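Each remark here refers to the structure printed beneath this line.
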Amino acid sequence: MAVITLPYKYLERLTRTDRKTILDKVAFIGSDVERIEEDHADVEFFPDRPDLFSPEGVARAMRGYLGIETGLPVYSVKPSGISLTIDPKLADIRPVLGAAVIRGVDFDDESIMSIMSLQESLHWAVGRGRSKVAIGIHDLDTVTQPFHYIASPRSRKFIPLDYTEGMTMDEILEKHPKGRDYAKIVKDFTLFPLIVDSHDHVLSFPPIINGERTRVTIDTKNILLDTTGTDQRAVSVAVNIICTAMAEAGASIESVEIGGVQTPTLAPVERIVSVQECSRLLGIDLTPATMASLLEKMRFGARPSGDDRVNVQVPCYRADIMHDWDLFEDVAIAYGYDKIQDLPPDTFTVGKPHPVQVRAALVREAFCGLGYLEVMPFTLTSGDVLYKKMQRMDCPGALHVMHPISIENTVVRTDLLPLLLEFLTMNRHRELPQRLFTVGDVVNSCLTYQQAAGVSTHRDADFSEAYASADAVLHELSLGYTVKESADPAFIDGRRGDIIVAGKKAGVFGEIHPAVLNAFDLDHSVAAFEIDLRSVWGSAGIQDIP
Amino acid sequence: MAELTQNEKRLLATLEKEKKADAPHLAGLLDATPEAVVQWAHLAQDRGLATVERVVAKEFAYTGEGKVYLKEGLPETQLLEKIGPGTTLADIQKLESFRIGFGQLRKKGLVKVEGTSIVKTTGASTEAYEYALKNPSATDTATTDIVKRGLLSEVETVRYIIWITPEGLASVQEGLDLRKETGTLTREQIISGEWKDLNLRKYDVTKLPKKAYPGKVHPYQRIIAEMREILLEMGFEELYGGIVQQSFWNFDALFQPQDHPAREMQDTFYLRETLPLPEGYEKVKAMHISGGNTSSTGWGGVWKEEKAEQCVLRTHTTSVSIQHLANNPNPPIKAFCIGRVYRRETIDTTHLAEFEQLEGVVMDEGVTFGNLLGILREFYHRMGFTGVRFKPSYYPYTEPSLDAEVYVEGLGWIEMGGAGVFREEVTAPLGINYPVLAWGLGVSRIAMLRLGLKDLRYLHQSDIAFLRETPILRITKDGV
């Protein structure tokens, strides 16, 4: 999430209204006000609206929403006469280049901060951490055109930003803080992207670092913007958002020539949308005229056209408008969510519980009747708990997450019983007897299904209690079963039984082995059992749903 | 105050005749131990029916040495008898009584040493001490001396004197049921009808009971069940699905671009396992790349099959509901799913790597965004939240999107969940041709509010005492 700092004075000047009016309404265009400070507010905007990641962009949107200035903002672009070339060798490295000239910049502390933080927010939201898009801003008056975007040997030396000595590009990746942060994007290429001027002065080593030579200061008047990346659309969006924000701040924008094409144009994109489709989606009655005026409030150009059409001009900075419905959401926002009539649909359907949950509720009833207390352990656990402490063999179908957060959360549980024993450990200091059960999902070989398990611990917990409780639960679940001597090493030999249903093992019960009790740090004997609920009547066919 | 016990009644009846007596005497009459009689008397005293006086008396017992002297006389007495005119120290030094007796005589000033002679002082006598030894008395200084010398030991004896008060007499005269009391009724007493003649003991019902702990459903499960009930009442069908999902159903089918940050390994638990892509996946692929046959532009860029095949621990239950819709594209559908979902978060008091999510979907011809707001308002009202409001939000697979907030006294507006209409980019490639209203909420957030928990982990690593103490019926206000 992008949290944007909005200095009140700057915001008020740009929006042409007072801070209170702005802050009262800014949440209604889609944001969360995080902090209100003496001289600024921090507001969080959603990642689909990078055009709001600057005070200039917020002011532009708020002028529309508050009715101060509605409709499409028009940005004029003159050719700068500056050109850039792209080295074909970059095709497999970082092929896309966008650029623009921004003249007549009048920086103060706030506006220079605003452009730097916009650049960083765009790197995050549009640039995917600079891999998809990286932006460089240069003092145009320190270099001479034409500029060349080239694939350079890694041994090329230049002075990176914040340094006084020249370094090779390999050294930059190793030593410069930005080099270390972003090395992974380029390190596998034999040649590195580089932007140089007609005298071979380095402007930038995208996406890593600019040269010190073109550093932007408070005295900078003219800017060259470079934007490189792997995706044309994302690069264009970044250029458009920065250029229009700078234009809002008072600068003028000029295009450059890249491969014979003048760019950027900052021209809107046209979409013709259906009023009926919008009314149907939102559940409000709209005419072409009202819909157009709502869209104008959201800074679109909009012209009613016939009975059911609105011609919409989407400003170049609105990267999120991919589909007509994206415009309809803006109509809803302009209309006001609080004004939309909120009635449930009259769709008639009958409620239907899922058999797995119905069965789980029956299992709960049986256990509670026996005095067992339900617990709900985590599903992520470790092999240590599931197998090692239980003296059981590792389960071949157990799923191991690839990047666990800690050694306690590496495996998705394949059994419930070990987690109940862990629970008894956590509650060692509590009054006995303790009888606990759980019913829930386990996963084996990507297949999710339910088990139930119960434990009872007190001075006299023994095999016959385990047998009696298991028998009671199985009986309540109408499970006809037979018992076979078990070989489960978690239990004491001669005091353990496998539950057999229809010829298949469906569970186990008995008295927990003292070595297991020691491993779980338990002092009293434990009578325990677990049941695979797939063996319960009516379960066939309800487990294999993805 | 509870009824008189049978024993109190018997005691009072006896005291009516005796008026005042000590405990051993009464014990004899009542065929009980004196201790029991004192206990009953105290109960009667608490009711103002009797008075108990505790009398402490000092008695003396002879030590082994004391017993010898009682027979033979004190050593100083024996020695004094041997001293006459002209007796020298040497004369008496050999005597057995000398060792203790001489010291005592000197200490008491009964003899003097004059040169080598031992001389009795005038009127020298040990009589007072001999008397004290035979008749010890707590007020006598000679006795105190003898006790100090370890010839006698002091023993405190406590006696209880019990007498009846006028109130006690009155209650006896009103008449007391003196029949034997019965505690637990036996089977024989019930069957034979003997119970009719029994005097059933009355218990003090104001005393705290012994604690019993019933088997119970987990309070968190109870909240889940309540939400389930509400949705079933509202006509929704319940869904259940696997914890392990293919990235395709968890992300791609929901139009999450393959380079979306939420798909990165620092946010999602990936597994090594892969599953083959479902039939018709190409339509989803085309939607990502170019927007398919809709008014969408798609995300552009590349779409890799290998990324979609990889399994993850589901990051939302939407992966379950979207498959249900894909398998049942004919309206109407109203379905919900409550299940555990996984996010690769560092676990602390407010973040868990796994938590329950509730997800609801409605698909029907002509359902609107306004209907979605209506469903949410209804659902939250039924959960007990009276104040509900909506504001714009963003989710990659819904448009328009919203966040629902509920009002909680003392906390203000709290964000409760997100919702929206599934994008056409989601529904079209799966052959779903009607609008789908969808919403989700974190169940644990409501549980934390309701159960007053400060630490989310407590839901899953619970203290048994907390589970035992949390009542089944909770009194809620404003949904909390």
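Since the model is a prediction, treat every value here as computed from it, not as a measurement. Letters A, B, ... mirror the listed sequences (proteins, then strands); counts begin at 1.
B/Asp403 and A/Tyr337 share no side-chain donor-acceptor pair at under 3.5 Å. Side chain to side chain, B/Glu399 and A/His323 fail the donor-acceptor criterion of an N or O pair below 3.5 Å. Side-chain atoms of B/Arg228 and A/Gln357 form no donor-acceptor pair, as typed in the model, at a separation below 3.5 Å. A/Thr379 and B/Tyr342 form a side-chain donor-acceptor contact under 3.5 Å, judged by distance and modelled atom types alone.
The shortest distance between side-chain heavy atoms of A/Gln434 and B/Ile464 falls below 4.5 Å. When side chains are defined from C-beta on, B/Leu271 counts as touching A/Val401, because their heavy atoms get closer than 4.5 Å. In this structure, the side chains of A/Met402 and B/Met265 stay at 4.5 Å or more apart for every pair of heavy atoms. Between B/Tyr394 and A/Arg49 there is no side-chain heavy-atom pair separated by less than 4.5 Å. Here the side chains of A/Phe378 and B/Gln461 are in contact, with some heavy-atom distance below 4.5 Å. In this structure, B/Ile224 and A/Met376 have side chains that are in contact, with non-hydrogen atoms separated by less than 4.5 Å. With a 4.5 Å cut-off on side-chain heavy atoms, B/Phe269 and A/Leu380 count as touching. A/Ile284 is not listed as a side-chain neighbour of B/Phe369, based on a closest heavy-atom distance of 4.5 Å or more.
For A/Val375, the parts lying under 4.5 angstrom from a heavy atom of chain B are both the backbone and the side chain. Heavy atoms closer than 4.5 Å to chain B are found in the backbone of A/Ser31, but not in its side chain. For a residue to count as touching a neighbouring chain, one of its non-hydrogen atoms must lie under 4.5 Å from one of that chain's; by this rule A/Asp330 does not touch chain B. Of the atoms belonging to A/Met426, it is side-chain heavy atoms, and not backbone ones, that fall under 4.5 Å from chain B. In this structure, chain A has no heavy atom under 4.5 Å from any part of B/Glu229. In this structure, the portion of B/Phe255 lying under 4.5 Å from any heavy atom of chain A is its side chain and not its backbone. Interface residue B/Tyr270: backbone and side-chain heavy atoms are both found under 4.5 Å from chain A. Heavy atoms of A/Arg435 lying under 4.5 Å from chain B are absent altogether. In this structure, chain B has heavy atoms under 4.5 Å from both the backbone and the side chain of A/Glu431. Only the side chain of A/Leu436 comes within contact range of chain B, judged by heavy atoms closer than 4.5 Å.
With A/His354 contributing its side chain and B/Leu239 its backbone, the two residues share no donor-acceptor pair below 3.5 Å. Checked by atom type and distance alone, the side chain of B/Glu238 never pairs as donor or acceptor with a backbone atom of A/Pro353 at under 3.5 Å. Checking side-chain atoms of A/Asn427 against main-chain N and O of B/Ser462 turns up a donor-acceptor pair under 3.5 Å. In this structure, B/Arg377 contributes its side chain and A/Asp342 its backbone to no donor-acceptor pair below 3.5 Å. Here the side chain of B/Glu273 pairs no donor or acceptor atom with the backbone of A/Leu399 at under 3.5 angstrom. A donor-acceptor pair under 3.5 Å links the side-chain atoms of A/Glu329 to the main chain of B/Ser401, judged by distance alone. At least one donor-acceptor pair under 3.5 Å links the side chain of A/Arg271 to the backbone N or O of B/Ser295.
Here A/Ile340 contributes atom CD1 and B/Leu402 contributes atom CG; the two are 9.0 Å apart, rounded to the nearest 0.5 Å. The CG atom of A/Asp231 lies 11.0 Å from the CH2 atom of B/Trp299; values are rounded to the nearest 0.5 Å. The CD1 atom of B/Ile333 sits 9.0 Å away from the OG1 atom of A/Thr349 when rounded to the nearest 0.5 Å. The line from CZ of A/Phe348 to CG of B/Asp364 is 12.5 Å long, rounded to the nearest 0.5 Å. Between A/Leu343 atom CG and B/Leu372 atom CG the span is 13.0 Å, to the nearest 0.5 Å. The CG atom of A/Asp326 sits 6.5 Å away from the CD atom of B/Glu425 when rounded to the nearest 0.5 Å.
In terms of heavy-atom pairs under 4.5 Å with chain B, the best-connected choice from A/Phe367, A/Phe423, A/Phe437 is A/Phe423. Of all the listed residues (A/Cys368, A/Gly283, A/Cys446), the one sharing the greatest number of non-hydrogen pairs under 4.5 Å with chain B is A/Cys368. Heavy-atom pairs under 4.5 Å with chain B were tallied for A/Pro404, A/Gly129, A/Ala332, A/Ala125; the largest tally goes to A/Pro404. Counting heavy-atom pairs closer than 4.5 Å to chain A, the top residue among B/Met234, B/Glu378, B/Arg389, B/Arg468 is B/Arg468. Interface remark: of the candidates A/Ile321, A/Thr438, A/Asp32, A/Val331, A/Asp32 forms the most heavy-atom pairs closer than 4.5 Å to chain B. Of the listed residues (B/Pro219, B/Gly235, B/Ala212), the one with the most heavy-atom contacts under 4.5 Å to chain A is B/Gly235. With chain A as the partner, the residue from B/Ile338, B/Val312, B/Leu231, B/Leu232 showing the most heavy-atom pairs under 4.5 Å is B/Leu232.
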>> Let's go through B/Asp259 and A/Lys132 carefully: what are the C-alpha distance in whole Å and the side-chain angles of both, what is the deciding distance for salt bridge (Lys or Arg N to Asp or Glu O under 4.0 Å) to 0.1 Å, and is it a yes or a no?
In response: CA-CA 9 Å; B/Asp259 66 353; A/Lys132 202 172 176 183; 3.0 Å; yes
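Closest heavy-atom contact between B/Gly298 and A/Arg233: O-NH1, 2.7 Å. Taking each heavy atom of B/Pro257 and A/Arg128 in turn, the nearest pair found is CG-NH2, 4.0 Å. Contact record, B/Val362 with A/Pro345: CG1-CG, 4.4 Å, taken as the closest heavy-atom pair. Nearest approach of B/Pro400 to A/Leu281, heavy atoms of both residues: CD-CD2, 3.8 Å. Closest approach of B/Pro392 and A/Ala27 over heavy atoms only: CD-O, 3.9 Å. Of all non-hydrogen atoms in A/Ile405 and B/Ala353, the two that sit nearest each other are CD1-CB, 3.6 Å.
A/Asp346 CG: 12 or fewer foreign heavy atoms inside a 6.0 Å radius.
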